[in-house]
There are 2 protein chains.
Amino acid sequence: MSESRPRIVPEATVARLAVYLRVLAGLADGGRSSVSSGELASAAGVNPAGLRKDLSYLGPCGVRGVGYSVAGLRERLTEVLGGERSRPCVLVGIGRLGSALADYAGFASRGFEFVGLLDSDPRTVGTEVGGLPVHPAEELEAVVARTGATIGVITTPAEVAQTVCDRLVAAGVRSILNFAPVALTVPAGVDVRKVDLSVELQVLAFLDQQRDGSAPVVAALRADAREPVR
Amino acid sequence: MSESRPRIVPEATVARLAVYLRVLAGLADGGRSSVSSGELASAAGVNPAGLRKDLSYLGPCGVRGVGYSVAGLRERLTEVLGGERSRPCVLVGIGRLGSALADYAGFASRGFEFVGLLDSDPRTVGTEVGGLPVHPAEELEAVVARTGATIGVITTPAEVAQTVCDRLVAAGVRSILNFAPVALTVPAGVDVRKVDLSVELQVLAFLDQQRDGSAPVVAALRADAREPVR
DNA sequence: AACCGCTTGTGAACGCCTGAACAAAGTCGC
DNA sequence: GCGACTTTGTTCAGGCGTTCACAAGCGGTT
């Protein structure tokens with residue numbers, strides 16, 4: 001078989017590929033069969049050249065002079081991103097945010113299935129959220145073992161996040177999405193991504209203050225963190 | 001008066017400053033009066049040298065040989081980040097995610113106050129979420145004008161996000177936090193930050209697949225997007 | 001009063017990512 | 001069948017961010 005090129009896909013590119021995939025889904029629903037890099041880039045909010053560079057990591061997947069096949073590119077992206085098979089996820093901490101995530105249709109439609117909801121509050125345990133029962137936190141290891149989940153989402157208070165993380169890792173979870181406002185420590189080989197909602201707001205407040213002119217400090221722009229100004 | 005240095009604070013640094021501020025709050029609660037860069041960096045999950053560089057944008061705020069004053073640094077960071085005065089925010093789209101945000105104690109304690117909740121669903125309008133009444137979407141402009149809100153949070157479905165965004169901007173909102181999975185188009189002078197939850201999960205799925213060894217593609221690491229592996 | 005150790009602050013190198021310009025390739029029209 | 005146009009894929013340079021390493025400065029001690 002041909003030697004598959006040992007291409008390195010930057011993580012920033014992977015994140016954008018996920019965006020392209022969603023845009024493509026919308027185009028497919030609209031009946032489109034092909035797209036140009038310019039159009040796709042505009043819808044995704046990125047530079048056309050950057051988009052082509054991103055896609056080039058996957059090898060040639062467009063037709064010169066024509067553009068990209070919506071169906072073909074969608075299939076390729078799905079394959080690369082690992083979305084062909086449904087991935088079982090466990091969610092620990094069924095508070096308001098956890099409930100919102102458990103019930104978010106956007107996940108299920110993209111191949112993510114919450115197979116276990118866990119909480120330590122006896123009042124929450126036993127209730128149903130998004131059609132799934134909430135299990136007591138003690139069953140974490142059992143749920144992970146039974147479902148074979150490799151992705152864990154932490155929406156607990158900060159104080160217990162590290163403990164929950166350790167238990168998830170010990171149970172075999174290799175990828176963790178952390179909403180708790182703490183820096184988690186994990187062994188090598190485990191990936192953690194952190195989403196910090198209050199940090200996002202605080203950055204906005206900073207930019208707001210800058211504009212008010214009360215301070216002369218001006219923030220340098222980071223293109224990938226902001227919406228395009230077209 | 002002395003010429004305030006026209007320092008440019010990178011946006012990535014601003015985001016980390018917010019993290020440092022939270023860690024400092026925890027240290028203050030613990031009774032600590034001073035910290036070293038190494039300790040603070042460890043708690044925040046960053047490189048000590050990077051932390052010192054981040055803080056250096058604010059001018060000297062530590063004491064050599066000793067470390068940083070917890071109270072002093074906290075005050076300085078609060079000032080720089082614009083957290084001294086409470087900032088009014090409006091939240092559009094009171095679904096599960098919107099409700100979770102409206103009720104999130106972490107915001108209020110950091111100087112963010114939701115002064116207006118808006119939704120277009122008649123069944124949601126009139127209810128109370130987090131102690132605040134939900135107003136009909138038609139009142140968006142009126143609410144923004146009355147409250148003087150300059151920060152808007154969008155948790156609507158993707159289809160209406162751009163329309164809501166346009167109305168927010170027209171009403172005077174200058175900073176927007178967007179949870180809807182679309183790239184918003186805004187005029188210059190308006191800042192948008194985007195949080196895309198399913199993209200986060202999809203990146204994890206990609207890394208998961210990489211580890212499974214089914215594909216030889218390895219993602220390059222981006223230090224700022226991942227938790228430290230210590 | 002001077003020395004020593006500790007910690008900050010900064011300067012420079014390295015690497016990654018982004019944005020633009022160019023060449024390759026395929027299609028449509030004549 | 002040939003030419004011209006369109007759009008991709010790639011190469012190159014520029015900017016930004018991170019990291020390492022060292023000098024500067026302060027407190028405590030003798």
Side-chain angles (χ1 to χ4, degrees), chain A residues 5 7-17 19-20 32-42 44-70 72-73 76-77 203 218-230, chain B residues 5 7-17 19-20 32-42 44-70 72-73 76-77 203 218-230:
Chain A
R5 321 165 198 66
R7 304 259 189 138
I8 303 296
V9 182
E11 198 165 310
T13 291
V14 175
R16 283 190 296 267
L17 292 181
V19 175
Y20 305 154
R32 294 286 304 274
S33 64
S34 76
V35 231
S36 68
S37 63
E39 195 175 357
L40 200 53
S42 171
V46 301
N47 187 294
L51 181 140
R52 291 198 297 272
K53 193 173 194 57
D54 286 339
L55 294 182
S56 75
Y57 286 114
L58 319 178
C61 38
V63 180
R64 297 174 190 233
V66 178
Y68 300 92
S69 155
V70 171
L73 186 54
R76 183 91 183 93
L77 284 178
V203 172
V218 176
L221 306 183
R222 260 187 67 194
D224 67 343
R226 309 171 70 127
E227 299 284 343
V229 179
R230 278 170 284 179
Chain B
R5 320 166 198 64
R7 304 263 187 133
I8 302 297
V9 181
E11 197 166 311
T13 291
V14 175
R16 284 189 296 266
L17 292 181
V19 175
Y20 305 155
R32 295 287 303 273
S33 63
S34 76
V35 231
S36 68
S37 65
E39 194 175 359
L40 199 52
S42 170
V46 300
N47 187 296
L51 180 139
R52 292 198 298 271
K53 199 172 199 41
D54 284 340
L55 294 182
S56 74
Y57 287 113
L58 319 178
C61 38
V63 180
R64 297 176 192 234
V66 178
Y68 299 92
S69 153
V70 171
L73 186 55
R76 183 95 183 89
L77 284 178
V203 172
V218 176
L221 305 183
R222 262 187 65 194
D224 66 344
R226 309 171 69 125
E227 299 283 345
V229 178
R230 279 171 281 178

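Below, read A as the first sequence line, B as the second, and so on, with proteins coming before strands; counting in each chain starts at 1.
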Peer 1: How many Å lie between CG on B:Leu51 and C1' on D:dG17, as a whole number?
Peer 2: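 Computing the B:Leu51:CG to D:dG17:C1' distance gives 15 Å.
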Peer 1: For the residue pair A:Val46 and A:Leu40, establish whether any side-chain heavy-atom pair is separated by less than 4.5 Å.
Peer 2: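 No; the side chains remain at least 4.5 Å from each other.
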Peer 1: Please report the distance, rounded to the nearest Å, between CG in A:Leu73 and P in D:dT7.
Peer 2: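 From A:Leu73 CG to D:dT7 P: 16 Å.
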Peer 1: Grab the two heavy atoms, one from B:Ser37 and one from B:Leu51, that are nearest each other, plus how far apart they are.
Peer 2: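 Result for this residue pair: CB-CD2, 3.9 Å.
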Peer 1: For D:dA23 and B:Arg52 - does any side-chain N or O of the residue sit under 4.0 Å from the phosphate oxygens OP1/OP2?
Peer 2: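 The answer is no; no side-chain N or O of B:Arg52 sits under 4.0 Å from OP1 or OP2.
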Peer 1: From CG of A:Asn47 over to C1' of D:dG9, roughly how many Å is that when rounded to an integer?
Peer 2: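 The distance from CG of A:Asn47 to C1' of D:dG9 comes to 14 Å, rounded to the nearest Å.
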Peer 1: Nearest-Å distance, CZ (A:Arg76) to C1' (D:dG9)?
Peer 2: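 Whole-Å distance recorded here is 15 Å.
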Peer 1: Whole-Å distance between C:dC17 C1' and A:Asp54 CG?
Peer 2: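 A:Asp54 atom CG is separated from C:dC17 atom C1' by 10 Å.
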Peer 1: Go nucleotide by nucleotide along DNA chain D from the 5' end; which of A:Gly65 and A:Ala49 gets its closest nucleotide reached first?
Peer 2: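 Nearest-nucleotide comparison on DNA chain D picks A:Gly65.
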Peer 1: Between P on C:dC6 and CD on B:Glu39, what's the gap in Å once rounded to a whole number?
Peer 2: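 Taking CD of B:Glu39 and P of C:dC6, I get 16 Å after rounding.
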Peer 1: Toward the 5' end of DNA chain C, which comes first, B:Val63 or A:Arg64, by nearest nucleotide?
Peer 2: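 The answer here is B:Val63.
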Peer 1: Send over the distance from B:Glu11 CD to D:dT18 P, rounded to a whole Å.
Peer 2: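 About 12 Å, once rounded to whole Å.
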Peer 1: For B:Gly62, which contact category applies under a 4.0 Å heavy-atom criterion: base, sugar-phosphate, or nothing?
Peer 2: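 Sugar-phosphate: the residue B:Gly62, judged by heavy atoms under 4.0 Å, touches backbone atoms but no base.
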Peer 1: When you check the phosphate oxygens OP1 and OP2 of D:dG9, does a side-chain N or O of A:Tyr68 lie under 4.0 Å from one of them?
Peer 2: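 A:Tyr68 to D:dG9 OP1/OP2: side-chain N or O found under 4.0 Å.
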Peer 1: So which atom in A:Ala44 and which in A:Val19 form the shortest heavy-atom distance, rounded to 0.1 Å?
Peer 2: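 Looking at all heavy atoms of both residues, the shortest contact is CB-CG1, 4.0 Å.
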Peer 1: Starting the side chain at C-beta, find the nucleotide from D:dC12, D:dC20, D:dG27 nearest to B:Val66.
Peer 2: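 Of the options given, the side chain of B:Val66 lies nearest D:dG27.
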Peer 1: Whether B:Ser37 contacts C:dT8 is assessed here as follows: a side-chain N or O lying under 4.0 Å from the phosphate OP1 or OP2. Is that the case?
Peer 2: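 Checking B:Ser37 against C:dT8: at least one side-chain N or O falls below 4.0 Å of OP1 or OP2.
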Peer 1: The side chain of B:Lys53 lies closest to which of these nucleotides: C:dA12, D:dG9, C:dA20?
Peer 2: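 Closest of the options to the side chain of B:Lys53: C:dA12.
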Peer 1: Whole angstroms only, please: what is the CG-P distance between B:Leu55 and C:dT10?
Peer 2: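 Value for this atom pair: 11 Å.
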Peer 1: Among D:dT19, D:dG9, C:dT10, which nucleotide has an atom closest to any side-chain atom of A:Pro60?
Peer 2: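 The closest nucleotide is D:dG9.
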Peer 1: Measuring from B:Leu73:CG to B:Tyr20:OH, what's the distance to the nearest 0.5 Å?
Peer 2: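 One finds 10.5 Å between CG of B:Leu73 and OH of B:Tyr20.
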Peer 1: Tell me, do B:Arg52 and B:Tyr68 make a side-chain contact under 4.5 Å, heavy atoms counted?
Peer 2: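 Side-chain contact under 4.5 Å: yes.
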